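Taking it in order: structure first as structure tokens, then the write-up.
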Protein chains: 2
Amino acid sequence: MSTSLHHRAIENLGTRIITGELPTGHIMLAEHLEEELKVSRSVVREAVRVLQSLGLVETTKRVGIRVLPPSRWNPFDSQVIRWRLSSDARGAQLRSLIELRSAVEPAAAELAANNAPAQLRRELVDIAHALRDAGHSGDAQKFLELDIAFHSVLLSGSGNEMFANLMGQVAETLTGRTVHGLMPDHPHEGALQWHVDLAEAVAAGDAATARDASEQIMRRTTSRLSGTWTDQPRVFIPVRRN
Amino acid sequence: MSTSLHHRAIENLGTRIITGELPTGHIMLAEHLEEELKVSRSVVREAVRVLQSLGLVETTKRVGIRVLPPSRWNPFDSQVIRWRLSSDARGAQLRSLIELRSAVEPAAAELAANNAPAQLRRELVDIAHALRDAGHSGDAQKFLELDIAFHSVLLSGSGNEMFANLMGQVAETLTGRTVHGLMPDHPHEGALQWHVDLAEAVAAGDAATARDASEQIMRRTTSRLSGTWTDQPRVFIPVRRN
DNA sequence: TGACACCGATGTGTGCAGACATCAAAACTC
DNA sequence: GAGTTTTGATGTCTGCACACATCGGTGTCA
């Protein structure tokens, strides 16, 4: 992607809003943004429109472009997630993602065991075995790739497009784990086996066992990552009433 | 809100893409859209930029504006969900949402029992009792409002902004239930009690009981709605590899 | 005199029209 | 078939007219 001006403007404003450099309630003028970003009005306007659809800003005539509070941001947008992962709120974002995965993956395992097409089931078993081998041989790079592939295929096999869409975020959390040096040289033997158990349960159509194995995996993942957000306060989004 | 031209253009193109009137791979020219929608270039461009950020289209120089396949759409965007709910894929969208709620709400109940601030716990209990009363007295309108409020407060009390963001979608599924005439005159007595049990378990910090009650509620909701999507085929999103 | 309703000036986003720049697909040349 | 040129669409810039929310002044009435 040859970063267009439009894309760069979104990136610039998005990161600055999410890091808090542009705080809630801060008001910008389109004209001012033109000269600050050294781009034309059309670029600014198109970027603002996109940020508006992400819930980061709102525009009001006679006032300007107002930065909205975090409770209005769309927490499922991949751009927003990416920006938060590279901000001070990284820990809180990881916790949210892990909690979401912990809720969704066992359900996805159950659905996959009941509905996945035969090819995906076979693929899942193959990946699980390769994953175990990579874990034993200590090939960290290959292990990471297979781990991502495993969970991606599982989510895809659920036949729920919302679950499947979380693939990208899962990849982020898994790669983030290596970045933080949280990967042991030799992955936990139990975890390797749980992956195999999960894959074979899905292949056999055993939904209950698949869910159990997935819950085991997520419990371990949670406990391994929970150290990164111990100091992050929880944010309680106010209920929006009409 | 005097729907701006920009907003109308997004609505027009978004619905037509999601209903399939503009099929995957269909190519449009910005110039052509100008005269079709009777708007200027800037309106078209800003609308296309937003649709691009939703994954509905991509733009390529020398080619035009290409409609992307459903697997590229952002299934968590509230606009996309709304468009799908009012299309032929309504059943499939409802199934996705219910499966997501079934996975998330029990987890949210657990988190709320562990983390929710005292005021939200009290509010949840109050709403649960009012909900039971409304159920007994047969006030369908009030019942719906309280039902939505109950689940909103629960999700909000989880302290996970991604869970909390699902409030809007939950409201859609619940109101959709009345639209489809799936609401009995007098709600199920057990369901009313489960809401009270859930609220009191959250108030008491009893995570396990809260989860159980939530699972009961979601099981019943699923079984009551499952009739609407019996004929909807599942879509398996291909795994995107780099 | 003070409170309140009205109204016009002001400034900002919204929408429009036209031009040039850029760059990748397509056509062409060798 | 590889390399080059042409072409046509999006990308970017600019000047202008309009809509309309906000603010402050003015006038009216109690």
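As the structure is a computational prediction, the values presented were derived from the model and not from experiment. Letters A, B, ... are given to chains in the order of the sequence lines, protein chains preceding strands, and every chain is numbered from 1.
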Between [X] ([atom1]) and [N] ([atom2]), how many Å, whole number?
| X | N | atom1 | atom2 | result |
| --- | --- | --- | --- | --- |
| A:Ile27 | D:dA21 | CD1 | P | 16 Å |
| A:Glu35 | D:dC13 | CD | P | 14 Å |
| B:Leu37 | C:dG15 | CG | P | 13 Å |
| B:Leu33 | D:dA9 | CG | C1' | 13 Å |
| B:Lys38 | C:dA17 | NZ | C1' | 17 Å |
| A:Glu46 | C:dG15 | CD | P | 13 Å |
| A:Glu34 | C:dT12 | CD | P | 13 Å |
| B:Met28 | D:dA9 | CE | P | 14 Å |

- Task: May I ask you to say what A:Ser42 touches in the nucleic acid, namely base, sugar-phosphate or nothing, with a heavy-atom cut-off under 4.0 Å?
- Result: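 If one applies the 4.0 Å heavy-atom cut-off, A:Ser42 turns out to touch a base.
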
- side chain to side chain contact (heavy atoms under 4.5 Å, CB included), paired with A:Met167, selected from A:Ile148, A:Val153, A:Leu155: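 Exactly one candidate clears the test, A:Leu155.
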
Per [X] side chain, nearest of listed nucleotides [options]:
| X | options | value |
| --- | --- | --- |
| A:Arg45 | D:dA9, C:dT12, C:dC16 | C:dC16 |
| B:Arg41 | C:dG13, D:dT10, C:dC16 | D:dT10 |
| A:Lys61 | C:dC23, D:dT12, C:dG13 | C:dG13 |
| A:Leu5 | C:dG13, C:dA26, D:dT12 | D:dT12 |

- Query: Between B:Glu161 and A:Arg234, does at least one N-O distance fall below 4.0 Å, as a salt bridge requires?
  - Reply: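 A:Arg234 and B:Glu161: not salt-bridged.
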
- Query: Is a salt bridge present between A:Arg41 and A:Glu35, judged by a nitrogen-to-oxygen distance below 4.0 Å?
  - Reply: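 Answer for the salt bridge query: no.
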
Verify the contact: side-chain N or O of [X] to OP1 or OP2 of [N], cut-off strictly under 4.0 Å; return yes or no.
| X | N | result |
| --- | --- | --- |
| B:Thr60 | D:dT10 | no |
| A:Arg49 | C:dT14 | yes |
| B:Ser40 | C:dC16 | yes |

- Query: Do B:Asp147 and B:His151 have side-chain N/O donor and acceptor atoms under 3.5 Å apart?
  - Reply: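 A donor-acceptor contact under 3.5 Å links the two side chains.
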
- Query: With a 3.5 Å cut-off and no angle check, do the side chains of B:Arg8 and B:Asn12 form a donor-acceptor pair?
  - Reply: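 There is no such pair between these side chains.
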
- Identify, between A:Arg62 and A:Val48, the residue whose nearest nucleotide on DNA chain C lies closer to the 5' end.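 Result: A:Arg62.
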
- Message: Nearest heavy atom decides the nucleotide; on that basis, is A:Val63 or B:Val63 closer to the 5' end of DNA chain D?
- Response: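 Going by which nucleotide is closer to the 5' end, it is B:Val63.
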
